[in-house]
Amino acid sequence: MKGMMMHRPLKIADLITFAAETYPTGEIVSVRTEGDIHRTTYRETSRRIAQLAHGLKELGIRPGDRVATLAWNGYRHFELYYAISGIGAICHTINPRLSAEQMIYIVNHADDRVLFVDVTFLPIVEKLRPHLPKDLRVVVMTDQTHMPETSLDGVQCYEDILDGKPEEIEWPDFPEEQAAGLCYTSGTTGNPKGTLFSQRSTVLHAYSLCVTIPKTLCEGTRILPFVPLFHVNAWGLPYAAPLSGASLIFPGGALDGKSLFGLMDREKVFSAWGVPTVWFALMKEITENGRLPDGLKDIVVGGSAAPQSLIEAFEEKGINVCHAWGMTEMSPLGTQCNLPEHLEDLSFEERIARKRSQGRRVFGVDMKIVDEKGARLPHDGKTPGHLYVRGNTVTSGYFEDPEASKSVFDDEGWFFTGDIAAIDQDGFLIITDRSKDLIKSGGEWISSLDLENIVMSHPDVANCAVIAVSDPKWDERPLLIVQAGADEKPASQDLLDLLAEKFAKWQLPDNVVFVDALPLTATGKVSKLTLRKQLAEDAE
Ligand code: ADP
């Protein structure tokens, strides 16, 4: 027997309509490419989204069409998120840090109809134009006064598309499974792979964020997504903030520590979200200023493991650190590590140790860890295994890529994350490695993340990575690669001594190599693939 409640499809456009009616004065503040600060509200934004949606229809965009963006975090990018998905089309966010080759691949693979581009990134499009689909239209995200000179033909201006359009719209109905967003992973091996989010998965993910991080996502808080709108929907914030009534502060292209500190201070940002490297830059600024940005109480750290030294530095200053784990293929949130009240009484050291874990799963994401043969491993906090997930916000296959999709699901239909992790009895996830970065020495696993975590606590280390090098006797041995901080290069022996306090002798790196800068992926993580390649080339 079926229940007798109404079935209303979950739709993204309803989030902004809700915000406009319920939190009309909730703010969106943006640092613009035009050079100034722009302020608007959810009420005003919902009107402009309606205008943009009319404009998109006039451009010939139909349900299912892909509309691409190449842009910073700002209100126009936010408007595109809603207008595109609102009319049933698919918002394809492109990471401007991808290589030319990757960008050409994904625009053609996605078969984008229109590309909305920030002035800053127009030169990229000019360069790639001959390799992009012939009928791709280009719209520059600015007003007439700021339209730049360009070698491209037929370029349109964003504000012209909105101009004179009605500020109301009847959002069309479609099934909640309708595709709404497309995001390609940086593709460290092979071509980039597209994750296709649906209306339903996006709304459920927004609910999930609000339920899981309620002290941050609530009416009146001011949140700064440092994580880009071009990277997994800025971790879902553009949807969760309007749902919860939180305001959004968009930093545009002003991403250095000083600009970030200034913006957070002026705008009284309560919570900011980003990858660990950003928080190191902010901490440097905090130390130089001798104070915190006014109003800051909380940071959300994800994308790669948050080192203990980072968590400590912020928590010591009274800032709550929420360590989170996820993947593009998971929309992205999988776990988060705000501590429950009964753990708030732990000693400072114990709390920090807990917060180093990736935390507990969110409702709707199931997790299992298995051995090489696929047998389930116990949740005892010490047995690491291959981590698999399933759930309403987890991908069921890559966009138009059956070959890549085949290899990432097990016989029970669970998604292979590629992470190695343990889960403890209280449900806390502890990621120890990527399976492709794992170091297997004499048949035993050595966690590169654990080693890196300790090395990062040395004051003269700016960044580091531990990778496997082949060894005739032990199969593989760990090698430590270090980028020194601005002041002084640490002595190799000091780093090894630091590690020896926590690790057995056989787990210690045999060698330490210093580099000027570690290679980064398009999402700002250390690229161990590139490091391994460089090392192999050096050895030749
Ligand atoms: P990409 O960087 O390739 O575009 P993602 O951002 O989806 O893709 O990367 C997801 C991966 O990042 C995870 O599988 C995991 O290895 C790593 N990761 C994300 N958050 C954390 C975290 N808090 N701790 C450790 N690893 C993390």
Side-chain angles (χ1 to χ4, degrees), residues 185-190 275-277 280 303-310 325 327 356 358 372 384-387 416-422 430-458 460-485 489-500 502-540:
T185 55
S186 20
T188 38
T189 48
V275 294
T277 34
F280 279 113
S304 55
Q308 182 160 339
S309 54
L310 180 80
W325 166 84
M327 302 183 75
R356 240 204 83 208
Q358 279 69 13
E372 301 293 339
H386 295 280
L387 176 63
F416 174 67
T417 63
D419 285 334
I420 305 288
I430 304 138
I431 304 263
T432 54
D433 245 314
R434 293 290 290 162
S435 51
K436 54 181 183 279
D437 296 335
L438 200 64
I439 304 158
K440 208 162 187 189
S441 179
E444 298 281 348
W445 284 354
I446 299 177
S447 162
S448 65
L449 287 190
D450 282 350
L451 292 168
E452 289 161 9
N453 177 52
I454 300 293
V455 176
M456 286 302 285
S457 68
H458 193 288
D460 297 328
V461 171
N463 210 346
C464 74
V466 176
I467 61 169
V469 286
S470 46
D471 182 275
K473 184 168 175 200
W474 301 109
D475 199 12
E476 286 179 345
R477 293 291 302 145
L479 169 73
L480 170 61
I481 303 165
V482 175
Q483 178 183 331
K489 194 166 130 184
S492 302
Q493 195 54 50
D494 283 357
L495 297 176
L496 295 174
D497 289 348
L498 193 64
L499 288 170
K502 298 267 186 241
F503 293 91
K505 203 150 178 273
W506 64 271
Q507 294 172 314
L508 299 183
D510 294 335
N511 217 341
V512 185
V513 173
F514 287 89
V515 291
D516 292 339
L518 284 162
L520 300 180
T521 67
T523 51
K525 307 181 198 187
V526 173
S527 171
K528 293 193 178 177
L529 185 82
T530 316
L531 271 177
R532 282 192 287 265
K533 263 197 207 146
Q534 282 173 355
L535 226 74
E537 280 164 19
D538 290 352
E540 274 168 16

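Bear in mind the structure is a predicted one, so any value in this text is a computation, not a measurement. All values below come from the heavy atoms of this structure, side chains included, with hydrogens, waters and symmetry mates left out.
Within the 4.5 Å cutoff, the side chain of V461 has heavy atoms near those of the L495 side chain. Two residues are said to be in side-chain contact when any heavy atoms from C-beta on lie closer than 4.5 Å; L496 and V512 meet this criterion. P478 is not listed as a side-chain neighbour of Q507, based on a closest heavy-atom distance of 4.5 Å or more.
Of all the heavy atoms in G524 and T277, the pair that sits closest is O-OG1, 4.2 Å. In terms of heavy atoms, S309 sits closest to S457 at CB-CA, 3.7 Å. Residues R434 and D419 come closest through the heavy atom pair NH1-OD1, 2.7 Å. A484 and P490 make their closest contact through CB-CD, 4.0 Å (heavy atoms, listed as atom of the first residue, atom of the second, distance). When all heavy atoms of L531 and A465 are compared, the pair lying nearest together is CD1-CB, 3.7 Å. Among all heavy-atom pairs drawn from S492 and F514, the shortest one is OG-CE1, 3.6 Å.
Under the 3.5 Å distance criterion, the side-chain polar atoms of K525 are matched with a main-chain donor or acceptor of G303.
Here R532 contributes atom CZ and L535 contributes atom CG; the two are 10.0 Å apart, rounded to the nearest 0.5 Å. R356 contributes atom CZ, which lies 12.0 Å from atom CG of L310 (distance to the nearest 0.5 angstrom). The NZ atom of K502 sits 5.5 Å away from the CD1 atom of I454 when rounded to the nearest 0.5 Å. In this structure, CD1 in I467 is found 10.0 Å from CG in L480, a value given to the nearest 0.5 Å. To the nearest 0.5 Å, the span separating CD on Q534 from OG on S527 amounts to 8.5 Å.
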Inset, instruction - Assess whether side chain to side chain contact (heavy atoms under 4.5 Å, CB included) is satisfied between V455 and L499, documenting all intermediate values. - result: CA-CA 7 Å; V455 176; L499 288 170; 3.9 Å; yes
Inset, instruction - Decide yes or no on side chain to side chain contact (heavy atoms under 4.5 Å, CB included) for L387 and I431, but give the supporting numbers first. - result: CA-CA 9 Å; L387 176 63; I431 304 263; 4.2 Å; yes
Inset, instruction - Report the C-alpha distance between I420 and H386 in whole Å, list the side-chain angles of each, state the deciding distance to 0.1 Å, and finish with yes or no for side chain to side chain contact (heavy atoms under 4.5 Å, CB included). - result: CA-CA 5 Å; I420 305 288; H386 295 280; 3.5 Å; yes
Inset, instruction - Tell me, with the steps shown, if V466 and I481 meet side chain to side chain contact (heavy atoms under 4.5 Å, CB included). - result: CA-CA 6 Å; V466 176; I481 303 165; over 6 Å; no
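A salt bridge does not link D494 with K489: every distance from a Lys NZ or Arg NE/NH1/NH2 to an Asp or Glu carboxylate oxygen is 4.0 Å or more.
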With a 3.5 Å cut-off and sequence neighbours excluded, list the donor-acceptor pairs that the side chains of residues 439-447 form with protein atoms.
| from | atom 1 | to | atom 2 | distance (Å) |
| --- | --- | --- | --- | --- |
| S441 | OG | E476 | O | 3.2 |
| S441 | OG | R477 | NH1 | 2.9 |
| S447 | OG | T432 | O | 2.9 |
| S447 | OG | L449 | N | 3.4 |
| S447 | OG | D450 | N | 3.0 |

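Listed by first and then second residue, the side-chain hydrogen bond (donor to acceptor under 3.5 Å, both in side chains) pairs that reach into residues 462-474 come to none, sequence neighbours excluded.
Residues satisfying the side chain to side chain donor-acceptor pair (under 3.5 Å) test with D433, not counting sequence neighbours, are S448.
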